[in-house]
Protein chains: 2
Amino acid sequence: MLPYSKKGLLNNIIQVNTRNPRTGIFDYQRPEISGEEIAASCQLLLQGQKKWHANGFAYRSEILQKWKVVILVHQKDLLDALITDTGRVWETKLEIELLINSIDRWCKLAGEFFVPIPEKTTQIPFIRLQQDWVPYELIGVISPWNFPLLLSLIDTLPALLAGAAVIVKPSEVTPRFIDVMNRTIAEVPELKEVLAYVPGDGNTGAALLEHCRLICFTGSTATGRKVYEAAARNMIPVFLELGGKDPAIVLPSANLEQAAASIFWGSTANAGQSCLSIERVYAHSSIVPSLVEKLKARADQLLLNAADIHQGEMGPIIFEKQVHIINDHLQDALSKGAQLITGSTECENIGGGFYCRPSVLTGVTHDMKIMQEETFGPIIPVMGFETTSEAIALANDSMYGLSGAVFAGTTEEAMEVGMHITGGAISINDAALTAIMHEGEKSSFKLSGIGGTRMGASALRRFLRQKVFIIKNGTAVSPWTVQLHRNT
Amino acid sequence: MLPYSKKGLLNNIIQVNTRNPRTGIFDYQRPEISGEEIAASCQLLLQGQKKWHANGFAYRSEILQKWKVVILVHQKDLLDALITDTGRVWETKLEIELLINSIDRWCKLAGEFFVPIPEKTTQIPFIRLQQDWVPYELIGVISPWNFPLLLSLIDTLPALLAGAAVIVKPSEVTPRFIDVMNRTIAEVPELKEVLAYVPGDGNTGAALLEHCRLICFTGSTATGRKVYEAAARNMIPVFLELGGKDPAIVLPSANLEQAAASIFWGSTANAGQSCLSIERVYAHSSIVPSLVEKLKARADQLLLNAADIHQGEMGPIIFEKQVHIINDHLQDALSKGAQLITGSTECENIGGGFYCRPSVLTGVTHDMKIMQEETFGPIIPVMGFETTSEAIALANDSMYGLSGAVFAGTTEEAMEVGMHITGGAISINDAALTAIMHEGEKSSFKLSGIGGTRMGASALRRFLRQKVFIIKNGTAVSPWTVQLHRNT
């Protein structure tokens, strides 16, 4: 198992070597936490949750605002750790910026959500109802390596505001920022009682499944299924946000320059390492050559950041195992007749890091992995279609149903097609907008996920149970207590 | 396995003998449907669902109202079949009455739910959002034997109104009414395309898990866990409504006559065969003797319907296996020192049916099964407490968290206690009100269930996915498409 599990005993803590995505060197010792420590941490959080819930939404909102200030103070440390974890700068800055915005957004949404619920009368004159929300006590968040900061908090913030305590286990691939997060949390004692980040791999994740009352998992469909099965054994609810193979459809009426710009951004941001990346493009056959040319022009301008992290736009593939998947999909496509218009035939090792250039493919078919499985790389396969219904059928020929995009001359024309695409979020005349716009409420269809929207005010519901007091007027006599015993 | 699986080949259909709960005779041949037939039926329903969804809510509501009329026409046949299935009359009439009401209630709630969603502006000036609801295509409903009609439709009606097709598998213990249901469905051709009842046991349930897009299960926690694990393997969402061990707390200030009447009803209706039955009573020690006396008085008046189904109030235990559980719980309690104030020391065989008299127990403790496990019989164990916090702790000392009841001199005093009881529905100065009042929205806590409320308008959300169109103004240029490629 070396070098992934090169373990040593240091200060009584087992440490695990972690790879640097730019150098390939295992240069970071990730502490490994025992199952007992996880159990103890969960107990403390469960204890802290009582006050957190009892103190109400305004208190929780205030504490998160305090934390926001602390995060801003530690911004440089956080940025540095995340840049080392991921090997890229621009997306890391975006993560921090979006996090700060999302603390504000969630506090606002929760304020709108937690309004007093008036008592309700019923059809039975002497019975009235009083509704209440009760948070799950402890949420376990298992988050991935592609946007380590943002995706560790996308469920955590609404869960905290709902009144739950949260224990977060980010991916073992990107563990360096965990320490910084815990330092910021420690500076807000009220938060420290209900929020902890823990390092660890699947074993730690399994421990969370034992001790938490609800699990949020973001990651691959394969691991998601394991998490779901473990949740079922433990009889706890689970929310899964899994893979995607998002299609973009370009109709002949579309503004091709804009479509190319949007698709290129949607396919290559974060080197394609996003669940919501555009991974398949279907363009009307009349515009394929022109679209491909425009995509190629953009691809050829883009520079890797390999030599200098502050120069160039595209970082390395963060997770070494993903390199093999990308290579496999490229090889499979090329061997089955796809043409590489520009880009990499396989990821390139530059100074120890693995890089994939933005790659445009034509001549692709649906028997290729590149059109079926999640690639998670900056690959843009373009396929032609003749009729709109063919385009829709191709877009829906997928085990995934996360999101998608449609480009057309008018909003109406694009919506008409988007209506038929199976997915939770359809960008109209732009691509991958859920990366930027977190206000729309969206489910994950098919194998892309399980459970309600993680965006918008409704996302709070996922962490809350409903409780109703069914109140009988004290002096009334219920007819059914009589009825039962005078069988008519 | 005889006589449960006494199989024979008749008209090419394997048939399974089904026990009559009043006579103990296996007098009904339940047809057994093959996995292939289930698959074919699911395919047809999936086909029919497209039009059902496309035609909109008003159409669906209209068809269900048509069906209501047909059910009323076939009321007598339905009643007869259900009475044979369950061996009791009053609760069967109640089931049909509640069903008719609930068709009207769901049509009304769905009308309130499916209002047009206005477009929303966002923080980004040139982006707006349009939300939509998309039903899961095919819901599998696996329902229990205690209220065969009502619980086969409690999820089915909102699922249909949401726009889904539904396949229902009622318990193999009570299969006689299935045929009548399918006859009523056949008289409404538009409904027949999207709704089917199928007979069968766990194998048929497993087939539903293979072919449906979402499963609703009502039944025991043990079976619920199996269903959950199968849903996880199939990567489909599941809603579980499972066992309960509902507590009632009686404070010294309560009106004891009313409390006794309500608790007695809540414990003994349907011979205790309800998940929401009161199965534990905690009364302040000062009022235990008086409460027990009142419960005993009511118990002693109640008559079994063994001799004549139209005489007496209490029917047989429907499911033979449940008889063994009830006997086991009674034996366990008595052997550990509980006193039987009135009732049965074990279920009595009268003419082949098994009957349990309403039984009041004192001297019970929390190491007895009767205070921990779901009994599903008309047993009322009464335990004294000294302080309110002790009562709350006892009520919450359970793996279940379905519902509960609190009795006190004022609503406020009862609410103050109910606030601390873990459960989705707390009846205030009455018991088991969720049996009658389906408007309150309630979650199932702990091992009592997984998923959102099955009552109230929010229940519709369970069958719907959210889809958002994120619409960019066609002429705007997104800053991020530029930003990515001019790394700052």
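Order of the sequence lines fixes the chain letters, A, B, ..., with proteins taken first and strands second; residue numbering starts at 1 for each chain.
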Checklist entry - Can you name the nearest heavy-atom pair linking B:Ala432 to B:Ser427, along with the distance? => result N-OG, 3.5 Å
Checklist entry - Is it the backbone or the side chain of B:Val227 that comes under 4.5 Å from a heavy atom of chain A, or both, or neither? => result neither
Next on the checklist: For A:Ser220, give me all partners under side chain to side chain contact (heavy atoms under 4.5 Å, CB included), at least two apart in sequence or on another chain.
Outcome noted: A:Ala222, A:Thr223
Checklist entry - Checking B:Arg128 against chain A: side chain, backbone, both or neither under 4.5 Å from a heavy atom? => result side chain
Show me the donor-acceptor pairs within less than 3.5 Å that the side chains of residues 228-236 of chain B make with the rest of the protein, sequence neighbours left out.
| from | atom 1 | to | atom 2 | distance (Å) |
| --- | --- | --- | --- | --- |
| B:Tyr228 | OH | A:Ile236 | O | 2.7 |
| B:Asn234 | ND2 | B:Leu209 | O | 3.3 |
| B:Asn234 | ND2 | B:Ala230 | O | 3.0 |

Item to check | Residue among B:Ile421, B:Asp132, B:Leu242, B:Leu464 with most heavy-atom pairs under 4.5 Å to chain A | outcome: B:Ile421
Next on the checklist: Among residues at least two apart in sequence or on other chains, which ones pass salt bridge (Lys or Arg N to Asp or Glu O under 4.0 Å) with A:Lys120?
Outcome noted: none
Checklist entry - Of the non-hydrogen atoms in A:Ala425 and A:Thr434, which two are nearest, and what is the gap between them? => result CB-CG2, 3.4 Å
Next on the checklist: Is A:Leu129 close to chain B through its backbone or its side chain, or both, or neither, when contacts mean heavy atoms under 4.5 Å?
Outcome noted: side chain
Checklist entry - Given the options A:Val406, A:Thr122, A:Thr410, which has more heavy-atom pairs under 4.5 Å with chain B than any of the others? => result A:Thr122
Checklist entry - What part of B:Met419 gets closer than 4.5 Å to chain A, counting heavy atoms only: side chain, backbone, both or neither? => result both
Checklist outcome for this item: residues 444-454 of chain A vs chain B, non-hydrogen distance cutoff under 4.5 Å, contacting residues -> A:Phe445, A:Leu447, A:Ile450, A:Thr453
Item to check | Side-chain H-bond candidate by donor/acceptor type, B:Asn305 with B:Arg88, under 3.5 Å | outcome: no
Next on the checklist: So which residue, B:Lys442, B:Arg461, B:Lys226, ends up with the most heavy-atom pairs under 4.5 Å with chain A?
Outcome noted: B:Arg461
Next on the checklist: Counting only non-hydrogen atoms closer than 4.5 Å, does A:Ser403 touch chain B with its backbone (N, CA, C, O), its side chain (CB onward), both, or neither?
Outcome noted: neither
Next on the checklist: Using side chain to side chain contact (heavy atoms under 4.5 Å, CB included), reason through A:Phe264 and A:Leu302 one step at a time and then give a plain yes or no.
Outcome noted: CA-CA 10 Å; A:Phe264 189 74; A:Leu302 197 113; 3.7 Å; yes
Checklist entry - So, for A:Gly243 and A:Tyr400, which heavy atoms are closest and what is the spacing to 0.1 Å? => result O-CD2, 3.4 Å
Checklist entry - Which heavy-atom pair separates A:Gln466 from A:Trp133 by the least distance, and what is that distance? => result CG-CZ3, 3.3 Å
Checklist entry - Which answer fits B:Gln130, side chain, backbone, both or neither, if we ask what part of it has an atom under 4.5 Å from a heavy atom of chain A? => result side chain
Item to check | Main-chain N/O of B:Ala408 paired with B:Glu413 side-chain donor or acceptor, under 3.5 Å | outcome: no
Checklist entry - What part of A:Arg462 is in contact with chain B, defined as an atom under 4.5 angstrom from a non-hydrogen atom: side chain, backbone, both or neither? => result neither
Next on the checklist: Which atoms of B:Arg213 are under 4.5 Å from chain A, going by heavy atoms: the side chain, the backbone, both sets, or neither?
Outcome noted: neither
Item to check | Choice from B:Val468, B:Thr221, B:Leu240 maximising heavy atom contacts with chain A below 4.5 Å | outcome: B:Val468
Next on the checklist: For B:Glu441, is there an ion pair with A:Arg465 - N to carboxylate O distance below 4.0 angstrom?
Outcome noted: no
Checklist entry - Rounded to the nearest 0.5 Å, what separation is found between the CD1 atom of B:Ile428 and the CD atom of B:Glu416? => result 10.5 Å
